[in-house]
Colleague: 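One structure, as structure tokens, below. Some questions next.
Because the structure is a prediction, the values reported are computed rather than measured.
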Amino acid sequence: MQNIFDNAISKRILKKIVLSKPINKAVTKSVAKLITMKDELYLQIETFHTDGKATQKNIKASDAPEALVLMVGHEYKQMNVITTAGECQIKVSGKGKVTVLDRIKDKGEAVRVTGHDRKKQHIIPVNEPVDFLYELGVKDKDGRVFDKKRSKFRQINRFLELLSEAASFDKSKELYVLDLCCGKSYLSFAVYYYFTELLGIKVRMDCVDLKTDVIEYCSSVAGKLGYDGLHFIAGDINDFEPARTPDLTVSLHACDIATDIVLAKAVSSGSTVILSTPCCHHEMMHQIKPSGSVCDFMLTHSILKQKFCDAATDSLRCLMLEAMGYDVMALELIDPEETPKNVLIRANKNPKLTDSQKAQKLAQYNEICSILGIKPYLRELGM
């Protein structure tokens, strides 16, 4: 099977691959095609989701055949490989049997592969003055991003990009937004600016953090900018009571179990959309005692144990959010070379999920916790 993908890609005879019958019910299908970026050949996979959104992933041509083989039966039960030399259909039965119907001839004409290089379009332009970015020391008065703040600028834009894909908000109504554990509040100002200045939506936004000095500073900046709907509150988010049901809750790098507190507060208050980037995973590292020895090979080396615990913690958070009635995606925030704290959890409330579906997710969550020998703080928070 891998030879089929390898020949189609390496000989550039591939027109497209249609990946259908997805295992993930939040996905409708994916379509893959060849592209070039910086004179290198890539396979671009565009995935279409049930919420109407689409996401793209680019895989180096040399790695693509193996990646496609791994998707067969694990992510999709059918693939149609369409080339200039014919077609191939790969199907996986309910019992896991793989059938390959190969009708690709030996020779075919190379397709014209288009380039994908283009100037990055930022939601907040690179070289234009933006008031809050100047006040927070990200840009100068002329709109130039300071060299030391380029990664922060990219992070802000990427967050807004993922926010723009999260949901469509009613422009005729005031939007209520929470930023919990807001810190210096780069994202608070960015989100407020995005909705009010770029989309023209009236916003009330409450930002909460324990650090009184930071809250006082951010309040003074908001007042200076005339951001009348942006409020900063010093206090514990456990004790904070939202003014009403939030349309959106965001949080950037709340440390360790603070992320759990953020998620619990967002869920208990009925937030329609949640965007949270976890940070500093420690809880599971101190608890994990798997039943049996099946996980020993991952826990022998400290650095690998930490990576496993990081991924397992966030995976369980996603599973719990699904059990609470949300459609959930784990996404890459920015280039992982810039920061290891790079996962964004995006959750959209889905009223169509049945009690049975939610109960199934909760049972799966409890089973995994039992296997790993852990008691996540989320459960202590009533989730």
Side-chain angles (χ1 to χ4, degrees), residues 1-24 26-49 53-92 98-123 126 150-151 154-155 157-158 161-162 164-165 329-340 342-344:
M1 189 195 316
Q2 185 164 330
N3 287 338
I4 295 170
F5 297 132
D6 188 44
N7 289 333
I9 293 170
S10 63
K11 293 178 181 178
R12 300 197 180 201
I13 62 173
L14 180 66
K15 289 184 176 179
K16 66 178 178 180
I17 303 174
V18 179
L19 303 89
S20 55
K21 297 184 180 179
I23 305 298
N24 184 350
V27 173
T28 58
K29 68 173 183 178
S30 291
V31 178
K33 65 178 183 179
L34 295 175
I35 63 168
T36 57
M37 293 193 301
K38 296 180 180 179
D39 297 324
E40 284 194 63
L41 187 65
Y42 284 79
L43 183 75
Q44 182 181 84
I45 301 177
E46 185 170 21
T47 301
F48 300 89
H49 304 271
K53 304 294 190 301
T55 55
Q56 292 180 341
K57 177 171 64 174
N58 299 320
I59 306 172
K60 283 187 176 181
S62 57
D63 299 329
E66 184 178 356
L68 288 166
V69 170
L70 293 173
M71 293 180 190
V72 176
H74 294 94
E75 295 184 41
Y76 300 88
K77 291 188 175 182
Q78 182 168 320
M79 291 189 188
N80 290 79
V81 184
I82 303 167
T83 76
T84 59
E87 298 185 14
C88 173
Q89 185 180 74
I90 302 167
K91 299 181 72 174
V92 183
V98 179
T99 302
V100 179
L101 184 60
D102 186 1
R103 292 175 177 168
I104 300 176
K105 300 175 184 178
D106 291 338
K107 293 183 179 181
E109 293 183 6
V111 298
R112 182 176 177 270
V113 181
T114 58
H116 196 64
D117 297 323
R118 65 180 185 271
K119 186 177 180 181
K120 177 68 176 177
Q121 297 297 313
H122 296 287
I123 289 179
V126 176
R150 289 190 179 277
S151 62
R154 286 192 291 270
Q155 183 189 68
N157 264 292
R158 177 59 175 158
E161 179 185 333
L162 295 173
S164 71
E165 297 170 356
M329 294 184 71
L331 303 159
E332 187 175 80
L333 183 57
I334 55 173
D335 191 330
E337 291 184 2
E338 293 189 9
T339 173
N342 196 39
V343 173
L344 181 139

Colleague: Quick one: closest heavy-atom pair of Ile23 and His74, and the distance?
Modeller: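 So the minimum-distance heavy-atom pair works out to CG1-O, 3.4 Å.
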Colleague: Starting at CG of Leu14, measure out to CD1 of Ile9 and round the result to the nearest 0.5 Å.
Modeller: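 Leu14 atom CG to Ile9 atom CD1 measures 6.0 Å (nearest 0.5 Å).
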Colleague: When rounded to the nearest 0.5 angstrom, what distance separates CE in Met37 from OH in Tyr42?
Modeller: 4.5 Å
Colleague: State the NZ-CD distance between Lys57 and Glu332, to the nearest 0.5 angstrom.
Modeller: 11.0 Å
Colleague: Between CG of Leu34 and CZ of Arg112, what distance do you get to the nearest 0.5 Å?
Modeller: 13.5 Å
Colleague: So, for Ile104 and Cys88, which heavy atoms are closest and what is the spacing to 0.1 Å?
Modeller: CD1-CB, 3.8 Å
Colleague: For residues Tyr76 and Val27, report the shortest heavy-atom separation together with the two atoms involved.
Modeller: OH-CG1, 4.0 Å
Colleague: At their closest point, which heavy atom of Gly108 faces which heavy atom of Ala85, and how far apart are they?
Modeller: CA-CB, 3.8 Å
Colleague: Please confirm whether the backbone N or O of Ile123 pairs with a side-chain atom of Asn157, one donor and one acceptor, at under 3.5 Å?
Modeller: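 Such a contact is found between Asn157 side chain and Ile123 backbone.
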Colleague: Between His49 and Thr28, do the side chains contain an N or O donor and an N or O acceptor separated by less than 3.5 Å?
Modeller: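 No, no side-chain donor-acceptor contact under 3.5 Å.
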Colleague: Ignoring hydrogens, what is the shortest heavy-atom contact between Pro65 and Ala61? Give both atom names and the distance.
Modeller: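 Taking Pro65 first and Ala61 second, the nearest heavy atoms are CD-O, 3.2 Å.
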Colleague: Please check if any side-chain donor atom of Asn80 sits under 3.5 Å from a side-chain acceptor atom of Gln78, or the reverse.
Modeller: yes
Colleague: Begin with the C-alpha distance, continue with both residues' side-chain angles, and end with the deciding distance and a verdict on side chain to side chain contact (heavy atoms under 4.5 Å, CB included) for Leu333 and Leu331.
Modeller: CA-CA 6 Å; Leu333 183 57; Leu331 303 159; over 6 Å; no
Colleague: If you count the non-hydrogen atoms of other residues, nucleotides and ligands that lie under 6.0 Å from CD in Glu109, is the total more than 12?
Modeller: no
Colleague: If we ignore hydrogens and angles and just use 3.5 Å, is the side chain of Arg103 paired with the main-chain N or O of Glu87 as donor and acceptor?
Modeller: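 Side chain of Arg103 to backbone of Glu87: no pair is present.
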Colleague: To the nearest 0.5 Å, how far apart are CD1 in Ile13 and NZ in Lys107?
Modeller: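 Going from CD1 on Ile13 over to NZ on Lys107, the span is 12.0 Å.
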Colleague: May I have the step-by-step check of side chain to side chain contact (heavy atoms under 4.5 Å, CB included) for Leu70 and Val72, ending in yes or no?
Modeller: CA-CA 6 Å; Leu70 293 173; Val72 176; over 6 Å; no
Colleague: Just by modelled atom types, is the Leu19 backbone N or O under 3.5 Å from a matching donor or acceptor in the Ser30 side chain?
Modeller: no
Colleague: Please check this pair: side chain of Asp63 against backbone of Ile59, looking for a donor-acceptor N/O pair closer than 3.5 Å.
Modeller: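 No, the answer is negative, given that no donor and acceptor are paired below the 3.5 Å cut-off.
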Colleague: So do the side chains of Val100 and Val98 get within less than 4.5 Å of each other, counting heavy atoms only?
Modeller: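 Result yes, sub-4.5 Å side-chain heavy-atom pair found.
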Colleague: Kindly indicate, with the supporting measurements, whether the criterion side chain to side chain contact (heavy atoms under 4.5 Å, CB included) is fulfilled by Lys33 and Lys15.
Modeller: CA-CA 6 Å; Lys33 65 178 183 179; Lys15 289 184 176 179; over 6 Å; no
Colleague: So do Ile45 and Met71 actually touch side chain to side chain, heavy atoms under 4.5 Å?
Modeller: yes
Colleague: How many angstroms lie between CD in Gln89 and CD1 in Ile82, if you round to the nearest 0.5 Å?
Modeller: 10.0 Å
Colleague: For side chain to side chain contact (heavy atoms under 4.5 Å, CB included), just list the numbers for Ile90 and Phe5, CA-CA rounded to whole Å, side-chain angles, deciding distance to a tenth of an Å, and then say yes or no.
Modeller: CA-CA 11 Å; Ile90 302 167; Phe5 297 132; 3.6 Å; yes
Colleague: Do the non-hydrogen side-chain atoms of Val31 and Gln44 ever get within less than 4.5 Å of each other?
Modeller: no
